[in-house]
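Working notes, beginning with the structure itself.
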Amino acid sequence: MAETTLSGPTHQILENDYASEWMGIEVLAISDGHATIRMTLRQEMLNGFGMAHGGMIFAFGDTAFALACNPAVQAPGEENSITVASGVDINFLKPAFRGQVLTAVADRRSSAGRSGLYDIQIFATDAQPDTAPSPAGQPSPAQPGSAQPSSIPPRSAQPGELIAEFRGRSRTIPKK
């Protein structure tokens, strides 16, 4: 299936997803078994150390996982089922800070029957001055550690520095 670039709430599961709306998640691309999303880290998403709260990173990855698991347009006969997480693991590799833009890239690795396996990579990049102004209208200051060289080999496909790896196991169940 060809990849389509989207904007705004474009997937039926986002229509009533108030958590993803509050997080400011934007769908960049979606296709069968794939989703790419983006959000900017705000102050209320930080923990007591001034870095992204792990729960925010997890919820962000979980949204990408859900979008990759559930087709944007269901095939005939699939309208009475949904795909949900049966289990997940996340590894936090590096911190992210206020003002950074996070991008999650979710891809299906395997599917058999009603079960699937998905890998979601979460990247952080410093925002451009015109995309994440501070409350006073000034660009957000650089955060500690944001200029550190990446230990991940550079790849043109990576939208920033890899900060977390999320692996999801899915199960398709009847819709209630």
Side-chain angles (χ1 to χ4, degrees), residues 3-8 10-11 14 17 19-31 33-69 85 87-110 116-170:
E3 189 170 90
T4 305
T5 300
L6 308 166
S7 62
T10 55
H11 197 290
L14 292 178
D17 184 343
S20 293
E21 182 181 341
W22 177 84
M23 292 172 69
I25 292 175
E26 174 187 5
V27 177
L28 299 179
I30 194 165
S31 61
H34 171 83
T36 301
I37 62 174
R38 175 174 60 200
M39 77 171 189
T40 300
L41 283 172
R42 302 186 313 264
Q43 183 162 344
E44 60 272 21
M45 297 173 166
L46 307 180
N47 64 21
F49 298 112
M51 62 182 80
H53 191 289
M56 293 292 124
I57 303 296
F58 183 93
F60 182 61
D62 190 52
T63 297
F65 176 38
L67 292 169
C69 289
V88 298
D89 297 295
I90 189 164
N91 291 295
F92 299 104
L93 306 172
K94 295 191 176 202
F97 300 94
R98 177 178 169 261
Q100 286 190 306
V101 176
L102 302 187
T103 302
V105 180
D107 288 299
R108 181 187 309 126
R109 296 294 175 221
S110 177
L117 182 66
Y118 293 77
D119 285 333
I120 298 89
Q121 292 186 305
I122 302 170
F123 300 90
T125 187
D126 290 334
Q128 299 302 315
D130 62 341
T131 61
S134 67
Q138 299 299 314
S140 299
Q143 298 294 329
S146 62
Q148 297 293 326
S150 173
S151 61
I152 307 297
R155 290 180 15 203
S156 61
Q158 289 184 345
E161 185 173 27
L162 183 65
I163 63 161
E165 291 265 359
F166 181 113
R167 174 157 272 195
R169 297 170 300 283
S170 69

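Computed from heavy atoms alone, side chains included, the values below leave out hydrogens, waters and symmetry copies. FYI, the numbering just counts along the sequence from 1.
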Nearest non-hydrogen partners of F65 and A85, listed with the distance: CE2-CB, 3.5 Å

Distance, nearest 0.5 Å, that separates NZ of K94 from CD1 of I163: 10.5 Å

Side-chain touch L93/L162, heavy atoms, less than 4.5 angstrom: yes

CD on E26 to CG on L14, rounded to 0.5 Å: 11.5 Å

Test side chain to side chain contact (heavy atoms under 4.5 Å, CB included) applied to M45 - qualifying residues, sequence neighbours left out: W22, M23, M39, L41, R42, M56

Straight-line distance of E165 CD to I122 CD1, nearest 0.5 Å: 9.0 Å

Set of ring pair (Phe, Tyr, Trp, His ring centres under 6.0 Å) partners for F58, sequence neighbours left out: F166

Heavy-atom side-chain contact between H11 and V27 under 4.5 Å: no

Rounded distance (nearest 0.5 Å) linking atom OG1 of T40 with atom CG of L102: 8.0 Å

Distance in Å, F60 CZ paired with I120 CD1, rounded so as to fall on 0.5 Å steps: 11.0 Å

By side-chain hydrogen bond (donor to acceptor under 3.5 Å, both in side chains) - contacts of N47 (at least two apart): none

Closest non-hydrogen atom pair, A164 against I57: CB-CG2, 3.9 Å

Pair T103-Q121, side-chain contact (heavy atoms from CB on, under 4.5 Å): steps then yes or no: CA-CA 8 Å; T103 302; Q121 292 186 305; over 6 Å; no

Residues that A68 engages under side chain to side chain contact (heavy atoms under 4.5 Å, CB included), provided they are two or more places apart: A35, A106, Y118

Qualifying side-chain hydrogen bond (donor to acceptor under 3.5 Å, both in side chains) pairs with a residue from residues 58-67, counting only residues at least two apart or across chains: S20-T63

Under the salt bridge (Lys or Arg N to Asp or Glu O under 4.0 Å) test, residues paired with D107 that sit two or more places apart: none

Atom pair CG/CZ of L28 and R38 - distance to nearest 0.5 Å: 4.5 Å

